[in-house]
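Here is the structure we will look at.
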Number of protein chains: 2
Amino acid sequence: MAIETPLRCKQCSLYFESDNFCAQLSPIELVNLNRESRSAKLKRGDSFSDESLAQWPVVAVESGVLSLQHIMQDGRKTIAALFMRGDIIDLRSISDRKRGNLIALGKARVCRLSPSIFEKVVKANPDAHQVIWDNLREQTFRAIEHSVDLAKKQALEKLASFIFECRHHEGANDKSSSIVSIPIRRLDLAEYIGMQPETVSRCFRELESKGIIELETLTTIVIKNIPALRRIANGDRSVEENVKLENPDMKIISFA
Amino acid sequence: MAIETPLRCKQCSLYFESDNFCAQLSPIELVNLNRESRSAKLKRGDSFSDESLAQWPVVAVESGVLSLQHIMQDGRKTIAALFMRGDIIDLRSISDRKRGNLIALGKARVCRLSPSIFEKVVKANPDAHQVIWDNLREQTFRAIEHSVDLAKKQALEKLASFIFECRHHEGANDKSSSIVSIPIRRLDLAEYIGMQPETVSRCFRELESKGIIELETLTTIVIKNIPALRRIANGDRSVEENVKLENPDMKIISFA
DNA sequence: CGGCAAGTTGAGCCAGGTCAACTCCGGTGG
DNA sequence: CCACCGGAGTTGACCTGGCTCAACTTGCCG
């Protein structure tokens with residue numbers, strides 16, 4: 001009798017989307033990996049205990065958003081990284097101090113993988129190897145890209161950058177879509193891009209008042225002027241001046 | 001006749017330090033990898049052309065400091081990441097926009113590896129695989145850690161953090177050493193931690209005036225009070241208040 | 001030993017943080 | 001179904017840390 005793909009995997013989106021890790025695996029590999037793994041449903045605020053991470057330091061994100069949070073002595077909190085569907089979070093041999101806390105920012109589904117079986121599968125299966133290798137490099141450059149945003153950009157630019165980050169994540173397939181959903185709360189967003197929630201709110205308003213975006217709901221925005229938003233995100237300060245120059249048309253007329 | 005390790009590799013520190021990639025390889029693997037690779041000496045400001053990176057997207061750092069720089073439309077420059085001895089920079093399949101420019105911050109030696117041979121060796125040699133996997137994860141978490149510094153810390157805290165980052169890099173062996181050398185210019189340091197060079201200078205002075213560090217030369221500092229510096233780096237604001245409380249001793253006596 | 005880039009110092013200003021008051025929304029129980 | 005409640009988000013007023021600009025000093029390299 002042929003070996004059957006485990007039911008749990010058959011229902012998991014990581015198995016269906018061909019560019020994800022589990023989709024590369026054979027039924028026998030899935031059975032082995034599945035036997036030693038634990039999937040879990042998380043709700044907002046759920047975090048992984050140190051013991052859990054010691055035993056299952058490899059976490060595959062099936063849906064939802066996870067975050068890596070650092071808390072400073074005086075209570076300032078930072079969201080250092082976001083993880084979404086398809087990310088494989090490998091926390092092996094990362095010292096506790098550097099690691100931070102892995103916390104769900106909303107309802108999420110994850111699969112905690114046994115490191116030894118995971119390792120075995122990766123070594124044996126070149127396609128799977130390729131996928132997680134690409135994913136890890138993607139995570140690295142996402143973090144580096146994020147550092148760029150944080151280092152020198154100002155508030156409006158950071159927010160614009162973040163909107164594109166969201167857009168890239170969800171609608172990688174539909175490049176022309178101008179509807180973007182923000183998958184996290186304002187509070188978390190602020191902590192991720194290193195600003196105050198008040199400032200985030202003000203910046204959304206400013207983009208809206210300039211006619212560049214429209215706030216459909218708290219979690220859904222429509223980009224009305226993609227190139228302008230792109231220029232802001234890239235730190236082209238002339239955008240803001242252009243708007244200033246375009247608006248006073250009436251005044252110029254009044255001089256005539 | 002036994003296969004000889006290539007002379008170039010015999011002279012390379014990556015081959016001698018047992019925790020580095022090349023040290024895991026057999027002579028035959030080294031010969032193969034070496035044949036298709038190009039080593040290079042760099043001086044400050046040297047950068048890799050896009051064509052060079054297309055052909056050799058994998059760069060091993062033998063000595064010196066490389067940086068990944070992003071330049072915004074209006075000229076603001078950010079150093080998004082630093083790479084030092086032992087780092088393997090893998091830029092394969094990273095889009096140009098995200099990648100930034102790879103630029104040396106001082107004299108440096110690198111080895112540009114053929115991606116195909118590199119891939120082959122990695123797949124065949126589990127020890128080598130382990131080393132570069134660990135290195136890539138290390139890079140990821142270094143970038144995440146750096147994001148934490150940039151997001152919410154203030155100037156003094158970022159500088160303190162950076163000093164520990166330097167200390168960690170060089171003297172990983174000697175934990176009690178209080179002498180730290182800063183391997184990059186003030187200007188580059190400022191761009192890395194997202195501040196102005198003027199502010200960097202002022203923060204160095206402030207740490208010095210508090211007796212926490214001493215500036216030996218521009219590139220060498222001595223930490224006089226490691227715990228205090230650590231607390232500042234971790235964002236414990238009570239440190240600064242403590243100093244304020246300790247200093248006015250004389251005033252208290254004058255009240256007696 | 002001159003020339004230039006890097007680093008430092010000072011003065012003034014502004015983007016964004018802080019604090020407080022308010023509104024909005026989703027969940028809960030009567 | 002509605003009243004209530006608490007947390008999230010928003011708005012306004014104020015304030016300050018760090019950016020900016022300019023002048024100066026230092027250190028490096030020919």
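A, B, ... follow the sequence lines: proteins, then strands. Residue 1 opens every chain.
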Are A:R112 and A:S52 close enough that a side-chain donor and a side-chain acceptor fall under 3.5 Å?
-> yes
In whole angstrom, what separates B:D188's CG from C:dG7's C1'?
-> 13 Å
Can you find a side chain N or O atom of B:R186 that sits less than 4.0 Å from OP1 or OP2 on C:dA6?
-> no
Output yes when at least one side-chain N/O atom of A:R44 is less than 4.0 Å from OP1 or OP2 of D:dA8, else no.
-> yes
Output the single nucleotide from D:dA8, D:dG18, C:dT8 whose closest atom is nearest the side chain of B:A155.
-> D:dG18
Most 5' of B:R202 and B:L218 on DNA chain C, judged by nearest nucleotide = B:L218
Separation of C:dG17 atom C1' from A:D74 atom CG, nearest Å, is 14 Å
Does A:L82 reach the side chain of A:L105, with side-chain heavy atoms less than 4.5 Å apart?
-> yes
Starting at NZ of B:K43 and ending at P of D:dC28, how long is that distance when rounded to a whole Å?
-> 20 Å
Geometric cation-pi criterion, A:R186 with A:F204: 6.0 Å, 45° | yes
The side-chain hydrogen bond (donor to acceptor under 3.5 Å, both in side chains) partner of A:R85 among A:E62, A:E17, A:H169 is A:E17
Can any side-chain N or O of B:D87 pair as donor or acceptor with the backbone N or O of B:M84 at less than 3.5 Å?
-> yes
Enumerate the residues from residues 191-199 of chain B whose closest heavy atom to DNA chain C is under 4.0 Å, giving them by residue number; use none for an empty result.
-> B:E198
Is there a donor-acceptor contact under 3.5 Å from the side chain of A:R76 to the main chain of B:G235?
-> yes
